[in-house]
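Residue numbers begin at 1 in each chain, while the letters A, B, ... track the order of the sequences.
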Amino acid sequence: MGSFYESKSNKGVLYTATEEGRPYCWRDETGHRPYLYSPLKPEELRALGVSATFVREEKYYPLIDSQIEVTKVIVGDPLSVRNLREKLENYGGAREANIKYFRNFIYDTGVIPGLRHKYEDGRRIPIIEGRALEIPEEDVDDVELFEEYVKLLSSPVPEIPRVALDIEVGAPGEEVPREPEYPVIAISLVSNDGLRRTYILERPGAKEVDVDAEVRIYENEVRMITDALKDAFRYPVVLTRNGDNFDLPYLAKRLKYLGITDVPIHYRTGGQGYRADFRPVKGTRHENVPIHVDLMQFFGNEGMRGYVFGGAYDDLRLDTVAKAVIGKGKVELPTYISELDAQTLVEYNLNDAQITLELTTHNNSLVRKLLIMFARISRMGIHDIVRRGISARIDSRILREHRRRNRLFPRREDVLREKGATFTDPKIKGKKYRGAIVIDPVPGIHFNVIVLDVASLYPSVIKVRNLSYETINAPVSKDIPVKRIPETPHYVRVDRKGIMSLLIGMIRDLRVKYFKPKSKDKSLPEDERAFYDAVQSALKVLINASYGVLGFERFSLYCPPVAEATAAVGRYVISRIKAKAEELGAKVIYGDTDSIFVKDAPEEVIEALQERARKELNIDLEVDKVYRYVVFTERKKNYVGVTTDGKIVIKGMLGKKRNTPEMFKKAFAEALEELSKVHDPKEFERAKERIKEIIRTTIRRLRSGNFDVNELAIRVRLSKNPEDYDAKQPHVKVAKMLRQMGYRVRAGSIVEYVYVRGKPGAKPPFMAKPQEIDVEKYEDLLKSVFEQLIEALGMTYNEILGATSLKDFLGDLIRAKNS
DNA sequence: GCGGACTGCTTACCT
DNA sequence: ACAGGTAAGCAGTCCGCG
């Protein structure tokens with residue numbers, strides 16, 4: 001499950017699970033030491049005064065497609081690796097010297113995080129119990145590798161004993177305390193094996209607390225904290241929400257404040273990110289210490305938010321995340337924590353711990369399974385899976401695959417020097433290369449529309465075109481076959497399989513050809529299908545990010561021409577499909593990146609297109625959606641449609657954006673409701689009338705002042721801390737205002753404001769009265785929201801309303817004059 | 001002195 | 001700390017205009 005370097009024993013340490021599923025802590029017995037590689041010979045290194053063990057090794061170096069000789073420099077401790085790396089900087093540099101020791105330890109011992117292990121001859125052997133059935137041999141580049149991953153990923157996920165921990169601090173007001181001057185007044189533990197316990201400091205009503213849990217009352221705060229931690233330490237995993245940033249550091253600080261010197265928590269703040277872990281106190285060892293999993297770190301990850309939970313939560317408060325993931329929120333608080341009565345305090349505290357646990361058990365333990373799958377694929381401990389981004393996971397997987405093929409991992413600067421240049425001009429200033437095509441939509445209402453899309457376009461392109469850092473623009477002689485990349489000077493050698501192409505292609509195939517079909521196979525029992533579904537979601541996250549990381553500066557194998565070539569071939573593929581569709585007589589009315597919307601295309605044409613894509617481009621073209629009708633304006637990424645089964649699809653419209661006031665979102669939803677009833681052109685007339693009525697009613701409400709200001713609140717998420725903004729937009733002004741008033745507003749916070757007449761222009765809703773609202777401003781906003789819809793229906797906003805204000809009237813007049 | 005065209009900055013969304 | 005493309009808002013600058 002994890003690994004680290006233990007300085008006391010000067011050894012690598014692994015946490016694994018035993019055959020029986022019990023946690024087990026294993027200290028290295030193989031003599032594994034920290035090391036790096038150098039292109040220098042041992043005698044040259046000795047001459048430089050390097051004292052270490054030298055081993056000459058032959059490795060394959062992908063950047064020049066040759067075997068090379070390097071020296072493995074084995075040293076005493078991880079710190080020496082860093083010192084040596086700096087020392088060798090001017091002497092040919094070091095290789096594989098930026099890899100943390102515990103990572104090498106994992107790759108080299110062959111341990112697989114997320115699996116149970118057995119012990120044989122001093123080695124840990126991972127227990128792989130998964131079976132590989134029906135491996136599709138055609139189109140899989142490396143059947144053996146494919147089979148290995150299938151077995152690895154289909155091995156059962158053990159149920160890990162774990163306990164959720166949550167604390168409450170008796171700070172006055174709604175301030176979240178940073179300094180340890182306030183007492184910890186309650187701690188709750190809720191486990192997946194039946195423990196439900198709250199530890200509270202003695203207070204009025206404490207003895208009468210009646211909850212579905214054991215309540216322990218303490219006079220002494222130190223005793224209470226120590227007892228709670230002792231109980232938590234019986235579990236191999238402790239779950240928190242925000243424990244890295246709050247619960248654990250606060251407990252540590254508070255214990256020190258109360259005079260305890262040997263504290264079982266180690267934390268780090270600021271700088272390289274914050275994290276907190278449990279540590280052994282005097283007389284105990286690492287095996288008695290649980291792993292800390294802060295779920296907020298996991299859910300805060302953009303990849304998780306977007307792909308697995310469908311962007312279901314907007315901010316990271318426990319309440320929001322819990323409602324989205326498990327459909328259950330927090331207990332409403334009548335007052336500040338410090339003023340709660342004992343009963344309410346315990347209920348609140350217990351509920352938070354309960355929700356934290358449920359985030360990992362809900363939906364057939366989806367989160368638990370995802371974490372384990374990521375751990376297995378990327379050979380990373382749960383510690384790091386939770387805390388680090390997707391690029392770290394892909395990096396770990398790729399490094400491990402280099403290691404086992406005895407390939408020397410190239411330095412980022414070497415890849416960049418050899419393969420750095422891009423040639424296409426981006427549409428957006430500041431970007432590095434040209435991206436996807438968006439086909440101009442044909443404005444109007446279109447009946448009978450089929451959406452075709454390429455299943456995972458970019459990973460398919462990477463696979464099919466053999467794109468990889470070592471195959472693109474490789475130094476080649478005349479007799480080595482290459483294939484050119486359209487719109488660029490790039491070429492790819494095709495006589496050797498590129499490693500990125502192989503690995504990304506395989507993850508794609510694992511998902512598309514194996515786990516996804518299994519997750520939908522009705523002949524399998526439901527829990528088995530749910531398991532395969534978790535596996536395919538984990539693979540999806542990796543697939544979706546695999547192209548992106550190649551264009552990401554901090555990725556270890558950052559390779560701009562590969563990213564550029566991927567996008568270029570993507571454009572080529574979709575353009576070819578579009579041209580072919582038109583050739584076959586279908587009208588292409590829109591398309592974005594990997595899709596085309598075709599109108600009036602009979603089934604034969606669709607089939608012919610799919611056939612052509614398969615034969616000519618080696619690409620799978622799928623029917624993604626069938627629309628009863630779609631409505632476009634000239635705006636891209638902006639449309640409404642109703643599918644044949646009556647589902648409304650809205651894309652990009654203001655009416656669904658998170659920062660549109662609730663009042664307008666509601667009106668917009670009503671208008672869509674009307675549209676969903678439409679089956680043919682005639683019924684549109686009725687819908688239009690109803691929409692007109694909805695808009696008018698909304699305007700009347702605005703003008704009458706008959707509303708709650710909260711209905712008009714605009715919610716914006718800050719990307720920076722307020723003090724870091726130069727801009728003076730309303731949300732920035734209000735953020736600064738709130739901070740002045742003592743609220744904790746920072747990057748990631750949601751700022752709410754309403755437009756008011758007069759000086760500052762915007763105010764937090766709780767400070768504004770309905771009479772102050774800048775009604776004109778909101779009428780403009782309403783217009784923007786509905787214009788996107790109205791224009792699509794072939795009308796103008798003013799026409800549908802009549803001239804409702806002098807400004808609109810004059811606007812119309814000017815437009816009439818100009819045209 | 002005021003509006004329009006423009007740019008830069010920002011957010012939210014699409015694939 | 002995965003990518004680029006698009007829409008839209010606000011604030012500021014420049015320019016033209018009796």
Side-chain angles (χ1 to χ4, degrees), chain A residues 272-273 300-304 306-307 311 314 387-395 422 424-441 451 453-454 456-459 462 504 541-560 562-564 566-568 570-571 574 590-596 624 633-639 649-660 714-720 724-733 735 747 750-751 753 755 761-762 777 780-781 783-785 787-788 810 814 818:
Chain A
Q272 313 149 41
N301 203 297
E302 283 301 323
M304 302 323 307
Y307 295 119
D314 286 341
R387 291 179 175 123
R388 307 202 47 202
I390 192 68
S391 70
R393 285 174 226 172
I394 295 178
D395 173 73
T422 53
T424 51
D425 70 308
K427 293 214 149 189
I428 307 168
K429 224 185 266 178
K431 300 286 184 189
K432 290 162 289 201
Y433 57 88
R434 173 65 61 96
I437 293 180
V438 186
I439 299 167
D440 280 321
V451 182
D453 80 346
V454 179
S456 29
L457 172 67
Y458 290 157
I462 290 170
I504 293 169
V541 173
L542 289 173
I543 292 163
N544 284 336
S546 58
Y547 148 75
V549 296
L550 297 171
F552 173 49
E553 300 89 331
R554 311 287 273 269
F555 183 59
S556 57
L557 291 177
Y558 172 50
C559 192
V562 171
E564 182 179 41
T566 307
R571 291 193 298 275
I574 209 69
Y590 181 61
D592 185 351
T593 311
D594 59 358
S595 67
I596 56 167
D624 177 42
T633 60
E634 36 329 303
R635 296 170 183 84
K636 296 171 171 181
K637 299 184 189 283
N638 193 292
Y639 59 88
V649 178
I650 325 146
K651 295 291 177 186
M653 297 217 164
L654 279 172
K656 78 175 255 196
K657 292 210 187 204
R658 144 155 67 88
N659 55 356
T660 296
I714 293 162
R715 272 173 275 274
V716 178
R717 189 161 94 201
L718 296 186
S719 65
K720 300 192 271 196
D724 296 331
Y725 282 98
D726 298 324
K728 293 188 169 84
Q729 285 132 309
H731 67 277
V732 177
K733 271 194 262 182
I750 305 278
V751 169
Y753 64 90
Y755 288 113
K777 191 103 196 158
D780 285 348
L781 193 57
K783 181 177 170 176
S784 303
V785 168
E787 213 160 36
Q788 298 182 334
L810 292 173
I814 289 158
N818 290 345

Phosphate oxygens OP1/OP2 of C:dT6: is one of them under 4.0 Å from a side-chain N or O of A:Lys637? no
Does B:dT15 have its OP1 or OP2 closer than 4.0 Å to a side-chain nitrogen or oxygen of A:Tyr639? yes
note: A:Arg715, atom CZ; C:dG9, atom P; distance rounded to Å ~ 19 Å
Comparing A:Pro730 with A:Ile428, nearest DNA chain C nucleotide closer to 5' gives the residue A:Ile428
What does A:Phe555 touch in the nucleic acid at a heavy-atom separation under 4.0 angstrom: a base, only the sugar-phosphate, or nothing? nothing
Heavy atoms from C-beta onward define the side chain here; which of B:dT10, C:dC2, B:dT11 lies closest to that of A:Ala727? B:dT10
Does A:Ala563 reach a base, just sugar-phosphate, or nothing at all? Heavy atoms under 4.0 Å. nothing
SB check A:Lys637 A:Asp592 (cutoff 4.0 Å): yes
Donor-acceptor pair present, A:Arg635 side chain and C:dA7 base, under 3.5 Å: no
Once you measure the plane-to-plane angle for A:Tyr458 and A:Tyr547, does it fall in the parallel (<30°), tilted (30-60°) or perpendicular (>60°) bin? tilted
In A:Ser391, A:Ser456, A:Pro459, the residue satisfying side-chain contact (heavy atoms from CB on, under 4.5 Å) with A:Ser546 is A:Pro459
Over all strands shown, is A:Ser719 touching base, sugar-phosphate only, or nothing at heavy-atom distances under 4.0 angstrom? sugar-phosphate
Kindly say if A:Thr566 contacts the phosphate of C:dA3, meaning a side-chain N or O under 4.0 Å from OP1 or OP2. no
What's A:Lys636 touching, base or sugar-phosphate or nothing? Going by heavy atoms closer than 4.0 Å. sugar-phosphate
When all nucleic acid strands are considered with a 4.0 Å heavy-atom cut-off, which category describes A:Tyr458: base, sugar-phosphate, or nothing? nothing
Keeping the roles fixed (side chain from A:Lys656, backbone from A:Ile650), state whether a donor-acceptor pair exists under 3.5 Å. yes
Counting any heavy atom closer than 4.0 Å, what does A:Tyr755 reach on the DNA or RNA strands: base, sugar-phosphate only, or nothing? sugar-phosphate
Is any side-chain nitrogen or oxygen of A:Lys427 closer than 4.0 Å to OP1 or OP2 of C:dG5? no
Give one of base, sugar-phosphate or nothing for A:Ser784, where a contact means two heavy atoms less than 4.0 Å apart. sugar-phosphate
Contact under 4.0 Å: A:Arg658 side-chain N or O vs B:dT11 OP1/OP2: no
Mapping A:Asp724 and A:Lys651 to their closest nucleotides on DNA chain B, which lands nearer the 5' end? A:Asp724
Base, sugar-phosphate, or nothing for A:Gly435, non-hydrogen atoms under 4.0 angstrom? sugar-phosphate
Take A:Lys429 and A:Asp594, find for each the nucleotide of DNA chain B with the closest heavy atom, and name the residue whose nucleotide sits nearer the 5' end. A:Lys429
